[in-house]
Peer 1: 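Can you keep this structure in mind? I'll have questions shortly.
Values in this document were obtained by computation on a predicted structure and should not be read as measured data.
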Amino acid sequence: MSGTRIATLRGMRPVETLREGDRIITHSRGSQRLQLIRKLPAPDLPANATPTDEAHAPVIIEAGAFGKLRPMEALVVSPQQPLFVRMSRGSGNRNRYNDTVPARYLVNDRTVTPDPESQGRSFYAIGFERPEVIQAENLPLACLSAAQITRLTESGRSDEE
């Protein structure tokens, strides 16, 4: 949403101030040129949903929900927004792996909660040559490629799944 700060070569910048061509810091490939930024209309709710339906509501991630300064400030994302997370099975470094998880599956009703009050607000999609992981408010978020975003928005879908 507007106001979310993204890590760039010029420091943390609100998403709405980014422009195509800006250099965004990515998780594994250093800085990459932003190829597409699109303000997405608020997604349509399913016919049986109410405006406060938590299953389709944006998700608010409280400051520090994933550790000190992760995120730095409260962050509101679409329920489909994939977060890049490190997980482990058992003990030891060999059992650790990285994955992306849609925000709606991380809701814990304490630090990650549905935010029905943000329902109907617009979100931004940013895309690169290929999918990337960026830092938004110091929290790793997965982004689609510019081509994927274009295909989704041209087909009438406004969410990132």
Peer 1: Can you tell if the side chain of Gln135 reaches within under 4.5 Å of the side chain of Ile25, non-hydrogen atoms only?
Peer 2: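 Contact flag for Gln135/Ile25 side chains = no.
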Peer 1: Honestly curious: do Val85 and Val133 fall in one hydrophobic cluster under the side-chain, below-4.5 Å linking rule?
Peer 2: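 Val85 does not cluster with Val133.
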Peer 1: Please report the shortest heavy-atom distance between Ala125 and Ile149, naming the atom on each side.
Peer 2: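 Answer, listing the atom of Ala125 first, then Ile149: CB-CD1, 3.9 Å.
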Peer 1: Looking at Arg104, is its backbone amide N or carbonyl O close enough to the side chain of Gln81 to form a donor-acceptor pair, meaning the two atoms are under 3.5 Å apart?
Peer 2: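 Here the side-chain-to-backbone pair does not exist.
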Peer 1: Just verifying a value: how many Å separate Ser145 OG and Arg151 CZ, rounded to the nearest 0.5 Å?
Peer 2: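 Reported to 0.5 Å precision, the distance equals 6.0 Å.
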Peer 1: Grab the two heavy atoms, one from Pro71 and one from Glu62, that are nearest each other, plus how far apart they are.
Peer 2: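 The answer is CD-O, 3.3 Å.
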Peer 1: Please round to the nearest 0.5 Å and tell me the distance separating atom CZ of Phe128 and atom CD of Glu20.
Peer 2: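 Those atoms lie 11.0 Å apart.
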Peer 1: I want to check something: taking the side chain as every heavy atom from C-beta on, are Thr150 and Leu36 in contact at a cut-off of under 4.5 Å?
Peer 2: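 Side-chain contact under 4.5 Å: yes.
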Peer 1: With Arg13, which residues qualify under salt bridge (charged side-chain N to carboxylate O under 4.0 Å, His left out), at least two apart?
Peer 2: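 Asp22.
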Peer 1: Distance-only, no hydrogens or angles: does the Asp115 side chain make a donor-acceptor pair with backbone N or O of Ile60 under 3.5 Å?
Peer 2: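 Such a contact is absent between Asp115 side chain and Ile60 backbone.
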Peer 1: Of all the heavy-atom pairs spanning Pro79 and Pro58, show the shortest one and how long it is.
Peer 2: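 So the minimum-distance heavy-atom pair works out to CD-CA, 3.9 Å.
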Peer 1: Would you mind listing every ring-ring contact (aromatic ring centres under 6.0 Å, His included) that reaches into residues 8-39, with sequence neighbours excluded?
Peer 2: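 Those involving residues 8-39 are His27-Phe84.
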Peer 1: The criterion is salt bridge (charged side-chain N to carboxylate O under 4.0 Å, His left out); which residues satisfy it with Arg29, sequence neighbours excluded?
Peer 2: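 If we apply the salt bridge (charged side-chain N to carboxylate O under 4.0 Å, His left out) test to Arg29, skipping adjacent residues, the hits are Glu132.
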Peer 1: To the nearest 0.5 Å, what is the distance between CD1 on Ile61 and CZ on Arg70?
Peer 2: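 One finds 11.0 Å between CD1 of Ile61 and CZ of Arg70.
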Peer 1: Rounded to the nearest 0.5 Å, how far does CG of Leu18 lie from CD1 of Ile24?
Peer 2: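 So the CD1 of Ile24 and the CG of Leu18 are separated by 4.5 Å.
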Peer 1: Between Val77 and Phe123, what is the shortest heavy-atom contact and its length?
Peer 2: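 Closest approach of Val77 to Phe123: C-CE2, 3.6 Å.
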Peer 1: Once you round to the nearest 0.5 Å, how far does OG1 of Thr4 lie from CD1 of Ile126?
Peer 2: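 Answer for the OG1-CD1 pair, Thr4 versus Ile126, is 10.0 Å.
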Peer 1: Could you tell me whether the side chain of Thr8 and the main chain of Met12 form a donor-acceptor pair under 3.5 Å?
Peer 2: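 No, Thr8 side chain to Met12 backbone: no donor-acceptor pair under 3.5 Å.
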Peer 1: Return yes if some donor-acceptor pair links the side-chain N/O of Arg23 with the main-chain N/O of Leu9 below 3.5 Å, else return no.
Peer 2: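 Such a contact is absent between Arg23 side chain and Leu9 backbone.
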Peer 1: Working to the nearest 0.5 angstrom, can you tell me the gap between Thr113 OG1 and Leu106 CG?
Peer 2: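 That separation rounds to 12.0 Å.
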Peer 1: Any idea which heavy atoms bring Ile6 and Ala136 closest together, and the distance?
Peer 2: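 Heavy-atom minimum between the residues: CD1-CB, 3.7 Å.
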Peer 1: Say whether, by atom type as modelled, one donor and one acceptor occur between the side chain of Glu137 and the main chain of Arg5 under 3.5 angstrom.
Peer 2: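 Looks like yes, one N/O pair under 3.5 Å.
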Peer 1: Report whether Ile134 and Tyr124 are members of the same hydrophobic cluster (ILVMFWY, side-chain heavy atoms less than 4.5 Å apart, transitive linking).
Peer 2: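 The answer is yes; both residues are in one hydrophobic cluster.
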Peer 1: So if you build clusters from Ile, Leu, Val, Met, Phe, Trp, Tyr with side-chain heavy-atom gaps below 4.5 Å, do Leu69 and Leu139 land together?
Peer 2: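 The answer is no; the residues belong to distinct hydrophobic clusters.
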